[in-house]
2 protein chains.
Amino acid sequence: MPINMSDLKQRFQERQYKLTPQRQIVLQAFVDHPEKHLSAEDVHNILRQQSSEIGLATVYRTLELLSDMDVLQKMDFGDGRSRYEINEENSEHHHHHLICLSCGKVKEFEDDLLETLENVIARKSNFKIVDHQVKFYGYCDECQNKCAD
Amino acid sequence: MPINMSDLKQRFQERQYKLTPQRQIVLQAFVDHPEKHLSAEDVHNILRQQSSEIGLATVYRTLELLSDMDVLQKMDFGDGRSRYEINEENSEHHHHHLICLSCGKVKEFEDDLLETLENVIARKSNFKIVDHQVKFYGYCDECQNKCAD
DNA sequence: CTTAGTGCAAAACCTTTGCAACTCT
DNA sequence: AGAGTTGCAAAGGTTTTGCACTAAG
């Protein structure tokens with residue numbers, strides 16, 4: 001269960017934020033599109049298509065707010081816009097992103113090995129790590145077959 | 001030795017690029033500022049300060065060109081602009097970036113452990129990895145001491 | 001009711017592009 | 001000489017902001 005609704009309500013209350021319909025439908029867009037990395041415009045389009053009118057500025061403000069609350073995670077794939085995905089709170093299992101340099105698709109890869117690395121870093125450089133983001137660039141299965149680049 | 005000048009000349013010739021003074025001073029800015037992650041504007045300012053006039057558009061075009069040539073590596077630290085650093089060709093030893101969530105400083109950490117992970121991924125998901133970028137978010141030594149956040 | 005949130009349009013940024021002038025090779 | 005390069009200004013695209021209006025708690 002990715003999102004706990006009652007817990008969410010509480011986290012809004014704590015900060016005296018209001019749980020408006022706009023904020024709910026933005027979050028719903030991410031629930032409806034798992035494994036996607038939606039940009040602000042993506043979210044805006046999804047909501048317009050389902051006749052849930054919302055201003056683009058509100059989308060931006062909501063994405064920032066949800067990121068600050070650690071409900072979403074902001075990320076960058078080098079395509080000139082920020083993208084977001086739901087932040088799994090049981091962050092026991094991290095996943096990494098495999099970005100294909102040929103077709104641009106982004107795949108995910110489950111892995112926990114980085115915990116080890118985090119510990120090494122914490123010890124060696126006295127840096128208290130709270131999160132990480134890993135991107136691998138390469139060529140996906142399909143593109144490798146198309147042409148041996 | 002980070003940059004081999006005669007090798008560089010050759011790589012320009014191969015692609016019929018010209019080794020103009022502008023391109024040289026942009027690259028020089030990175031040589032003069034190791035361990036920094038310069039943005040286009042950073043480079044522009046550095047060059048203006050040393051009275052090496054250059055157009056900002058040229059800086060952008062040069063940074064893109066040098067990235068395509070793998071002389072520089074483009075990266076994103078989430079501050080709304082692209083940053084670049086010299087791409088060590090003896091890429092035997094990778095380094096990761098430790099980004100402090102409090103003061104924003106970026107430290108580097110040398111490490112090779114990720115090779116292992118790359119092999120695991122290549123086997124499991126049939127993805128041919130050619131590069132990776134790892135960012136760790138947390139709190140640096142100084143900021144940990146200032147306040148226990 | 002009171003405070004926070006929304007929508008719109010304008011502004012702010014970073015980055016790219018068209019084009020005439022220029023310069024490496 | 002000729003192809004590639006520069007600089008400037010304008011355009012493009014994403015994100016932020018000011019402000020009057022609206023709605024959640």
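Computed over heavy atoms, backbone and side chain alike; hydrogens, waters and symmetry mates excluded.
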Between atom CZ in A:Arg23 and atom P in C:dG5, what is the gap in whole Å?
-> 4 Å
A:Lys36, NZ atom: more than 12 neighbouring heavy atoms under 6.0 Å = no
Integer-rounded Å distance: D:dT14 P and A:Glu64 CD | 18 Å
Do A:Glu85 and A:His95 have side-chain N/O donor and acceptor atoms under 3.5 Å apart?
-> yes
B:Asp79 atom CG is separated from D:dT14 atom P, nearest whole Å, by 18 Å
Would you mind reading off the distance between B:Glu53 atom CD and C:dC22 atom P, rounded to a whole angstrom?
-> 17 Å
Hey, does B:Gln16 reach any base, or is it just sugar-phosphate, or nothing, if we go heavy atoms under 4.0 Å?
-> sugar-phosphate
Nearest-Å distance for atom pair NE2/P, residues A:His44 and D:dT14 | 13 Å
Kindly point out which of D:dT14, C:dC14, D:dA24 is positioned nearest to the side chain of A:Tyr60?
-> D:dT14
Starting from P on C:dG5, measure out to CZ on A:Arg15 and report it in whole angstrom.
-> 12 Å
No-hydrogen, no-angle side-chain donor-acceptor test under 3.5 Å, B:Asp42 and B:Ser39 = yes
What nucleic acid atoms does A:Ser82 come within less than 4.0 Å of, heavy atoms only: base, sugar-phosphate, or nothing?
-> sugar-phosphate
Distance-only polar pair, side chains of B:His96 and B:Glu108, donor-acceptor under 3.5 Å = no
Would you indicate which nucleotide in C:dG5, D:dA3, C:dT15 comes nearest to any side-chain atom of B:Lys18?
-> D:dA3
OP1 or OP2 of D:dT6 sitting under 4.0 Å from any side-chain N/O of B:Thr20?
-> yes
For the side chain of A:Arg81, counting heavy atoms from C-beta on, which of D:dT14, D:dG7, C:dC24 is nearest?
-> D:dT14
Please check if the distance between the ring centroids of A:His37 and A:Tyr84 is under 6.0 Å.
-> no
Could you tell me the separation between the CD atom of B:Gln22 and the P atom of D:dG4, rounded to a whole number of Å?
-> 17 Å
For B:Lys74 and for A:Leu56, find the nucleotide of DNA chain C with the closest heavy atom, then tell me which residue's nucleotide is more 5'.
-> A:Leu56
If you check every side-chain atom of A:Glu41, which of C:dA9, C:dT6, D:dT14 has the closest atom?
-> D:dT14
At under 4.0 Å, does any side-chain N or O of A:Arg61 touch on OP1 or OP2 of D:dT16?
-> no
B:Leu38 has an atom CG; how far is it from atom P of C:dC14, in whole Å?
-> 15 Å
The nucleotide from C:dC24, D:dT15, C:dG7 with an atom nearest the side chain of A:Ile54 is C:dG7
